[in-house]
Asker: 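Once you've had a glance at the structure underneath, I'll fire off some questions.
Within every chain, numbering begins at 1; the chains are lettered A, B, ... in the order of the sequence lines, protein sequences first and strands thereafter.
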Number of protein chains: 2
Amino acid sequence: MRNCVSRDVLDLLASKWVCLVMGALPNGPMRFGVLRRRLDGITQKMLTRTLRDLERAGLVDRQVFPTTPPQVEYSLTPLGQDLVVLMEAFRVWAEKHGEEISEARERYDARAAEPVRALNAR
Amino acid sequence: MRNCVSRDVLDLLASKWVCLVMGALPNGPMRFGVLRRRLDGITQKMLTRTLRDLERAGLVDRQVFPTTPPQVEYSLTPLGQDLVVLMEAFRVWAEKHGEEISEARERYDARAAEPVRALNAR
DNA sequence: CGGAATCCCCAGCGATACTG
DNA sequence: CAGTATCGCTGGGGATTCCG
């Protein structure tokens, strides 16, 4: 179901790195290596793939300088910048309520463990 | 990297069904079965898991009526409603620019196919 | 330096069957 | 009706190696 358009964009965001990559390059063009180090923990393969997906979707611009060694710069397109604004709003929400969520999880887990303890007590 | 709080929430949204499930129940409590049919295409297992995750995170409330047959109603918590507002903003964005994105993809694919055709032409 | 290619693992999800 | 339990697969993604 939900063959609607928003599903496409949703699938994009569902990718593990898309948000992080986009969030890492809002200020001007950035070289591949620099981006890689900024996102410490990402594989070069996943960074390449993620950037390709974003470029294909028209959210990221890719500029190649045929020098030696080669140099490639990535930047957000206007559309990409527009989306980053939304994601930023989301990030703010997350930082505001993150604590609240993790507390809720701890409470939930504590409640779930309780019956088990009662069982072991016999 | 990015052990920051927003990553937790990000992982939640990255789940395939979270956004769809939350988007499907903004108006009052809703029974499991109804929700299931509304989300036509979701497995009962995934719906259960998704709802559990959301309940654990404090975004969804689960109320059980010990009748026969059993009846369980799900609803958004205030925190969940708050998040839905954000997701709604995102959905609007997606529907506004979805076309633009799929066009960009077609252009990209066309360009990518071109060199191949040039090769085959020889 | 930026990226393509290859190998491989395992979590996510679907399908199916069973239960209180 | 609203789940839990079990099996099986596929594909996302990591590690490594090679290339211009």
Asker: Are any of the side-chain heavy atoms of A:Leu10 and B:Leu20 separated by less than 4.5 Å?
Answerer: yes
Asker: Treating primed atoms plus P, OP1 and OP2 as sugar-phosphate and everything else as base, which nucleotides of nucleotides 5-16 of chain C get B, S or - for protein heavy atoms under 4.0 Å?
Answerer: -B------BBB-
Asker: Are the side chain of A:His97 and the backbone N or O of A:Trp93 linked by a donor-acceptor pair below 3.5 Å?
Answerer: yes
Asker: From the 5' end of DNA chain D to its 3' end, which nucleotides mark the outer limits of contact with chain B, defined by a 4.0 Å heavy-atom distance cut-off (strictly under)?
Answerer: D:dC1 to D:dT6
Asker: Just checking A:Arg31: base, sugar-phosphate only, or nothing, at a heavy-atom cut-off of under 4.0 Å?
Answerer: sugar-phosphate
Asker: Over all heavy atoms of both residues, which pair between A:Ser75 and A:Pro29 is shortest? Give the atoms and the distance, please.
Answerer: CB-CA, 3.8 Å
Asker: Looking only at heavy atoms, what is the nearest atom pair of A:Val5 and B:Ala94, with distance?
Answerer: CG1-O, 4.4 Å
Asker: Round to a whole Å and report the spacing from CZ of A:Arg38 to P of C:dG2.
Answerer: 15 Å
Asker: Specify the closest pair of heavy atoms between A:Leu76 and A:Pro26, including all atoms of both residues, with the distance to one decimal.
Answerer: CD1-CA, 3.7 Å
Asker: Looking only at heavy atoms, which two atoms of A:Thr77 and A:Asp61 are closest? And how far apart?
Answerer: CG2-N, 3.8 Å
Asker: Can B:Asp109 and B:Arg105 be counted as an ion pair, charged N to O under 4.0 angstrom?
Answerer: no
Asker: Could you list by number each residue of residues 67-75 of chain B showing a heavy-atom separation from DNA chain D of less than 4.0 Å, or answer none if no residue does?
Answerer: B:Pro69, B:Pro70, B:Val72, B:Tyr74
Asker: Side chains of A:Leu54 and A:Tyr74, heavy atoms from C-beta outward: is any pair under 4.5 Å?
Answerer: no
Asker: Any heavy-atom pair between the side chains of A:Cys19 and A:Leu13 that's under 4.5 Å?
Answerer: yes
Asker: Tell me, do A:Leu59 and A:Asp53 make a side-chain contact under 4.5 Å, heavy atoms counted?
Answerer: no
